[in-house]
S.K.: 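First, the structure itself, so that you have it in front of you.
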Amino acid sequence: MSPARRLLLLLPLLSLSLLRPASAILCHPEDKEVLLRIKSALNNPYLLASWNPDVDCCHWYCLKCHYKTHRVISLFFLASDLPGQIPSAIGDLTYLQDLTLHKLSNFSGPIPKSFTKLKYLNYMTLSWLNLTGPIPSFLGQLKNLTYLNLSFNKLNGGIPDSLSTIPGLGYIGLDRNQLTGKIPASLANLKGNSLYLILSHNSLSGELPETFAGVDFGKLDLSRNMLQGDASLVFGRNKSTYYIDISRNQFAFDLSKVELNESLKTLDMNHNKIYGSIPKSMVSIQFLNVSYNRLCGEIPVGGQLQSFDYSVYFHNRCLCGAPLASCK
């Protein structure tokens, strides 16, 4: 083949290579600028060593870009010794859908108000961060939020009513904080699918809202608070709840009058003032603890009720039958 003909064949390939950049930059410049501000606010930590200005930010660790728009949609910092407070610049990642900050033991301070700009945020975990101050009412402005986990912090004050205005919120995890006051009745307005409400290990007080009688929780954990009164309203034959933990409170109600749904598999009620007898509908339970209450009567026969350890039933007023001593 002549050199001239060979050149003619290579010209189209050469022109394509000239038109295509050596390395297509996908990262949006606004997001890149914000990310570098976040890195600076955290004193350029080793965790973010990949955040090199000369590298496309969609290839950096601890984040994810949308496959079409290339905007940053996910940011996750996990198990690190990052110092300081949550950078307010995170609020400028306005296309963020998923924010996870977990086990950053040197973090402290409040939740930044700049988060109100995260209109597309769907999933937010800020756990094990030593966050302080109240749960801000402005979180109610995050109308696309379906999952909120603020567990293992030092948040105080009450639970804001504004959370109930988030239409699709289906998971609220506020456990292991220093929250006080009553549980807002407005939380019954939450419409998320298979609603999870996790409020354990706080200092919440008062009675449960009567509005909870109409809520079909998927999982409800109110353990280790100072709640009192009638908690029977969270049960119901027509509900689909599979997990209820109301242990270590001061609840007082007649258990024999409670109707349990067949899908309920875990029930922990230890250390309360619950009286009456164990209903036969409890035979479908797979994990049970009714110890340290005021229950009486014979333990129904069936399911796993006889195979549970005796400690599940002890320190009641006059329970009897296997696995406890036989009834007289």
Side-chain angles (χ1 to χ4, degrees), residues 23-67 69-139 141-142 144-145 147-157 160 173-179 201:
S23 176
I25 301 298
L26 302 177
C27 178
H28 195 282
E30 292 180 8
D31 289 349
K32 182 176 182 179
E33 185 270 333
V34 172
L35 291 168
L36 290 175
R37 281 198 282 124
I38 293 171
K39 181 181 180 182
S40 177
L42 297 173
N43 295 319
N44 302 308
Y46 177 75
L47 178 69
L48 305 181
S50 69
W51 290 23
N52 184 336
D54 298 326
V55 177
D56 187 341
C57 77
C58 288
H59 299 306
W60 293 353
Y61 293 162
C62 304
L63 61 87
K64 179 182 178 182
C65 292
H66 191 274
Y67 73 103
T69 65
H70 309 300
R71 300 304 300 252
V72 175
I73 58 170
S74 179
L75 186 69
F76 42 93
F77 298 158
L78 307 174
S80 177
D81 57 355
L82 294 178
Q85 300 187 354
I86 298 177
S88 60
I90 290 176
D92 293 324
L93 293 173
T94 52
Y95 287 83
L96 208 59
Q97 299 175 20
D98 179 344
L99 174 62
T100 299
L101 308 179
H102 175 66
K103 281 196 173 182
L104 308 176
S105 57
N106 290 334
F107 263 18
S108 61
I111 299 172
K113 191 170 184 180
S114 62
F115 280 16
T116 56
K117 294 182 283 186
L118 301 176
K119 303 301 184 183
Y120 298 102
L121 198 63
N122 177 262
Y123 181 107
M124 182 163 74
T125 291
L126 308 176
S127 59
W128 298 74
L129 304 183
N130 289 316
L131 296 181
T132 56
I135 298 173
S137 59
F138 60 67
L139 293 182
Q141 297 180 39
L142 302 177
N144 281 307
L145 207 60
Y147 183 101
L148 176 63
N149 182 359
L150 303 178
S151 62
F152 288 87
N153 284 293
K154 298 177 181 178
L155 298 169
N156 56 35
L174 308 179
D175 47 306
R176 295 184 185 263
N177 278 286
Q178 300 169 8
L179 302 177
H201 294 81

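Note that the coordinates shown come from a computational prediction; the quantities given were computed from them, not determined experimentally.
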S.K.: Between the main-chain N or O of Leu150 and the side-chain N or O of Asn177, is there a donor-acceptor pair closer than 3.5 Å?
M.R.: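 Indeed, once roles are kept as given, a pair shorter than 3.5 Å links the two residues.
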S.K.: For Asn52, check side-chain contact (heavy atoms from CB on, under 4.5 Å) against everything at least two apart and list the hits.
M.R.: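 Asp54, Val55.
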S.K.: Sequence neighbours left out, what pairs pass salt bridge (Lys or Arg N to Asp or Glu O under 4.0 Å) with at least one residue falling in residues 124-133?
M.R.: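 Found none.
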S.K.: Enumerate the side-chain hydrogen bond (donor to acceptor under 3.5 Å, both in side chains) contacts for residues 72-83, please, sequence neighbours excluded, ordered by first and then second residue.
M.R.: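 For residues 72-83: none.
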S.K.: For the CG atom of Leu78 and the CG atom of Leu104, what is their distance to the nearest 0.5 Å?
M.R.: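 The CG atom of Leu78 sits 7.5 Å away from the CG atom of Leu104.
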S.K.: Only pairs at least two apart or in different chains count here, so list each ring-ring contact (aromatic ring centres under 6.0 Å, His included) that has a residue in residues 82-101.
M.R.: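 Counting only pairs at least two positions apart or across chains, the ring-ring contact (aromatic ring centres under 6.0 Å, His included) contacts touching residues 82-101 are Tyr95-Tyr120.
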S.K.: Tell me, do Pro83 and Asn43 make a side-chain contact under 4.5 Å, heavy atoms counted?
M.R.: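 In short, these two side chains touch, coming nearer than 4.5 Å.
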S.K.: side-chain contact (heavy atoms from CB on, under 4.5 Å) with Glu33: which residues, sequence neighbours excluded?
M.R.: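 For Glu33 the side-chain contact (heavy atoms from CB on, under 4.5 Å) partners, ignoring immediate neighbours, are Arg37.
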S.K.: According to side-chain contact (heavy atoms from CB on, under 4.5 Å), who are the partners of Tyr147, at least two apart in sequence or on a separate chain?
M.R.: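 Tyr147 satisfies side-chain contact (heavy atoms from CB on, under 4.5 Å) with Tyr123, Thr125, Asn149, Tyr171 only.
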S.K.: Using the salt bridge (Lys or Arg N to Asp or Glu O under 4.0 Å) rule, collect all pairs that involve residues 97-124, keeping only residues at least two apart or in two chains.
M.R.: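 Residue pairs with at least one partner in residues 97-124: Asp92-Lys117.
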S.K.: Sequence neighbours excluded, which residues qualify as side chain to side chain donor-acceptor pair (under 3.5 Å) partners of Arg71?
M.R.: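 Expected list: His28, Asp31.
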S.K.: Between CG of Leu26 and OG1 of Thr69, what distance do you get to the nearest 0.5 Å?
M.R.: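 If I round to the nearest 0.5 Å, the distance is 10.5 Å.
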S.K.: Can you list the residues that meet the disulfide (SG to SG under 2.5 Å) rule with Cys27, with sequence neighbours excluded?
M.R.: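 Listed in chain order: Cys57.
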S.K.: Just by distance, do the side chain of Trp51 and the backbone of Tyr61 share a donor-acceptor pair under 3.5 Å?
M.R.: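 Between the backbone of Tyr61 and the side chain of Trp51 there is a qualifying donor-acceptor contact (under 3.5 Å).
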S.K.: First locate atom CG of Leu121, then atom CD1 of Ile73, and finally report the distance between them rounded to the nearest 0.5 Å.
M.R.: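 It is 11.5 Å, given to the nearest 0.5 Å.
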S.K.: Please table the atom pairs, donor to acceptor, closer than 3.5 Å between any side-chain atom in residues 126-138 and protein atoms at least two apart or in another chain.
M.R.:
residue	atom	partner	partner atom	Å
Ser127	OG	His102	ND1	2.7
Asn130	ND2	Ser105	O	2.7

S.K.: I'd like to check the side-chain contact (heavy atoms from CB on, under 4.5 Å) partners of Leu42; sequence neighbours left out, ordered by chain and number.
M.R.: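 Counting only residues at least two positions away or on another chain, Leu42 forms a side-chain contact (heavy atoms from CB on, under 4.5 Å) with Ile38, Pro45, Leu48, Phe77, Leu82, Pro87, Phe107.
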S.K.: Using a 4.5 Å cut-off on heavy atoms from C-beta on, say whether the side chain of Met124 contacts that of Leu139.
M.R.: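 Leu139 vs Met124: side chains touch.
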S.K.: In Å and rounded to the nearest 0.5 Å, what is the CG to OG1 distance from Leu75 to Thr100?
M.R.: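 Answer rounded to 0.5 Å: 8.5 Å.
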S.K.: Not counting sequence neighbours, which residues clear side chain to side chain donor-acceptor pair (under 3.5 Å) with His70? List them please.
M.R.: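 Scan of His70 (side chain to side chain donor-acceptor pair (under 3.5 Å), adjacent residues dropped) gives none.
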S.K.: Which atom pair, heavy atoms only, marks the closest approach of Ser88 to Ser114?
M.R.: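 Taking every non-hydrogen atom into account, O-OG, 2.6 Å.
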S.K.: Any heavy-atom pair between the side chains of Leu99 and Phe115 that's under 4.5 Å?
M.R.: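 In short, these two side chains touch, coming nearer than 4.5 Å.
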S.K.: Output the distance between atom CG (Leu142) and atom OG1 (Thr116), rounded to the nearest 0.5 Å.
M.R.: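 Reported to 0.5 Å precision, the distance equals 7.5 Å.
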S.K.: Kindly compute the distance separating CG (Asn153) from OG (Ser108), expressed to the nearest 0.5 Å.
M.R.: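 Reported to 0.5 Å precision, the distance equals 10.5 Å.
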